[in-house]
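Read the structure below first, then the notes.
The residues of the chain are indexed from 1 along the displayed sequence. Hydrogens, waters and symmetry mates play no part in the numbers below; they use all other heavy atoms, side chains included.
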Amino acid sequence: MHTLGDRIKHLREQKNLTQKDLASRAGLTTVQLSRYETNDRKPDPESLRRIVDALDTNGDYLLGRTSDPSPTEEIQANMSFYGGPEAYTADEIAMMEAALKAYREQKKKLLDNQSNK
C-alpha cells in the first residue's frame, strides 16, 4: 500500500464499508471516492479531513508518512472534548481559553503560597 488511494481503500475494506457507506460518512459522492481510491484524483484538504474522520484514522497514515493508521492523540483528545472544537463558536472557544488560563494562574498562585509556608 503505497498510494493515498490504496490506503483509503484498505481502511475502508478493513472496516467493512462499501464505497457508498464511506462516501456518505465523508460527505462525498461515490464517484469522487472511487476516483480517490483509483488515484485518478487527489482529494482537496477538506475532503481529505472528512475521509480521515470517517475512517477514524490520521492524515499522516493516508499520506504515507506513517504506517500506523491509529488516530493521533491530539485528534482523540479534541474529539472527546464535548463534541470537539467544531461544536463551538470562536467566542465560546475564546471564553473557555480565558477561563482555563485564569484557572491555571490561580492554581499556580495556590501552589506557590503552599511552597512558601
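In plain terms, the two heavy atoms of Gln19 and Ser34 that are nearest each other are NE2-CA, 3.6 Å. Scanning all heavy atoms of the two residues, the minimum distance from Lys15 to Leu55 falls at CE-O, 2.7 Å.
Leu4 places a side-chain heavy atom less than 4.5 Å from the side chain of Pro43. Counting heavy atoms from C-beta outward, Ser47 and Tyr36 have side chains that approach closer than 4.5 Å. The closest side-chain heavy-atom distance from Asp21 to Thr18 is below 4.5 Å. Side chains of Pro69 and Leu11 form a contact here, defined as non-hydrogen atoms less than 4.5 Å apart.
Thr3 and Asn39 share a side-chain donor-acceptor pair at under 3.5 Å.
The number of heavy-atom neighbours closer than 6.0 Å to NZ of Lys20, taken from other residues, nucleotides and ligands shown, is 12 or below.
Residue pairs meeting the salt bridge (charged side-chain N to carboxylate O under 4.0 Å, His left out) criterion with at least one member in residues 33-47, sequence neighbours excluded, are Arg12-Glu37, Glu46-Arg49, Glu46-Arg50.
Between the CG atom of Asp6 and the NE2 atom of His10 there is a distance of 10.5 Å, given to the nearest 0.5 Å. Distance check: Ser67 OG to Asp60 CG gives 11.0 Å after rounding to the nearest 0.5 Å. Of the inter-residue distances, the one linking Met95 atom CE with Leu100 atom CG reads 13.5 Å to the nearest 0.5 angstrom. Here CD1 of Ile51 is found 4.0 Å from CD1 of Ile8. Values are rounded to the nearest 0.5 Å. Here the CG-CZ distance, from Asp56 to Arg25, works out to 10.0 Å after rounding to the nearest 0.5 Å.
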For Arg7 and Thr57: C-alpha separation, side-chain torsions, deciding distance, then whether side-chain contact (heavy atoms from CB on, under 4.5 Å) applies. CA-CA 10 Å; Arg7 288 171 183 254; Thr57 188; over 6 Å; no

Leu28 vs Leu22, side-chain contact (heavy atoms from CB on, under 4.5 Å): CA-CA, chis, key distance, verdict: CA-CA 8 Å; Leu28 304 168; Leu22 178 56; over 6 Å; no

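Side-chain heavy atoms closer than 4.5 Å link hydrophobic residues (I, L, V, M, F, W, Y) into clusters, and following such links, possibly through other members, connects Leu63 to Leu33.
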